[in-house]
Amino acid sequence: PPRSTLFPYTTLFRSTGKKDHQIKVTWDETQKLKNISHFDQVEIDALVDQFETLATEDAGITREVFNQCLGPLGQQRNLVMDQMFKFYDKNGDGIIDLEEFVVALSILVKGSQQEKTPYAFKGYDVDNKGYITRENLRHMFKAYFDISLELVRDVVRSCEEEMMITFDDSADKPVSSVFNAPIPSQPTSATGSAKPDMTFNNPGSSGRGENGTWPVMEAMSQDAIDEMVENVFLKADLDKDDKITFEEFQTWAAIDNTILAWFEALGTVF
């Protein structure tokens with residue numbers, strides 16, 4: 001998947017980490033972790049070992065380490081990343097402790113949609129008002145769009161690098177030999193005219209600008225996001241009070257779970 005090309009740093013960070021903060025987990029503590037998660041004994045032991053590698057403070061994992069695990073995405077601030085860190089850091093003290101680490105991973109890896117929905121709702125409710133506004137949705141959709149676009153950029157960069165390596169190794173061969181599949185032509189509409197793919201979940205490309213930007217995608221993103229916001233409110237705001245309560249959000253998510261997409265955009269991070 002595209003995401004996999006963006007996160008080689010996570011494995012590297014894991015493998016080179018130092019267990020400077022060895023954690024001793026008692027049998028009672030292990031039983032508690034098993035009771036509040038979907039993990040078994042073997043999985044808990046493995047998570048404790050991983051946590052030791054990532055922990056740079058006696059208390060646990062810092063935001064700096066969290067950002068390092070995100071690879072290139074961690075180099076920029078984004079609402080999705082901010083809200084995901086808050087999801088892990090349940091008590092809001094700026095550190096992910098062992099229990100928070102295990103419980104959060106349990107929800108992301110093995111949790112049902114019903115378990116994930118309240119956390120996705122909290123992610124949209126950035127003002128902690130107990131309801132979601134149009135502006136809340138707009139900000140989250142924009143942040144998710146930016147991540148999706150960065151994933152596309154990274155895939156293209158990776159492909160370009162691979163092509164250049166292949167090309168260098170095949171200097172005596174025709175340029176066409178570096179392609180493993182036919183070069184796709186620009187998609188056309190039913191009328192035969194060129195029409196770039198500009199869907200939100202699978203951004204296409206009409207070509208990058210000289211500075212590496214994707215002008216068509218970035219120019220249309222705000223209109224697409226505004227349309228998405230209005231569509232969600234049209235369907236989810238049942239009492240038409242310009243607010244989406246948790247109950248309304250839960251009802252809509254059961255019908256269309258794409259509204260939870262931001263919550264799973266980064267995977268498990270660790």
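Keep in mind that what you see is a predicted model, and the values were worked out from it rather than measured. Residues: numbered from 1 along the sequence shown.
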Indicate yes or no: does R63 engage D82 in a salt bridge with an N to O separation below 4.0 Å. yes
Would you check if the side chain of D237 reaches a backbone N or O of I244 as a donor-acceptor pair within less than 3.5 Å? no
Say you draw a straight line from CZ of F141 to CG of N136; how long is it, rounded to the nearest 0.5 Å? 11.0 Å
Expected output: side-chain E100 to main-chain K90 donor-acceptor under 3.5 Å: yes
For Q83 and V126, indicate whether the former's side chain and the latter's backbone hold a donor-acceptor pair under 3.5 Å. no
Roughly how far, to the nearest 0.5 Å, is the OH atom of Y124 from the NE2 atom of H139? 13.5 Å
Taking E230 for its side chain and E227 for its backbone only, find out whether a donor-acceptor pair lies under 3.5 Å. no
Are the side chains of F66 and L54 in touch, meaning some heavy atoms are under 4.5 Å apart? no
Tell me whether D146 is salt-bridged to K142, with the criterion being a basic N under 4.0 Å from an acidic carboxylate O. yes
So does E99 pair up with K32, basic N to acidic O under 4.0 Å? yes
Answer yes if the side chains of T26 and D28 hold a donor-acceptor pair under 3.5 Å, and no otherwise. no
Over all atoms of both residues, closest heavy-atom pair of I44 and F39: CD1-CB, 3.7 Å
Can a donor-acceptor pair be found, under 3.5 Å and without considering hydrogens, that links the side chain of D89 to the backbone of G94? yes
Sole candidate of Y131, F121, Y119 that passes ring pair (Phe, Tyr, Trp, His ring centres under 6.0 Å) when paired with F246: F121
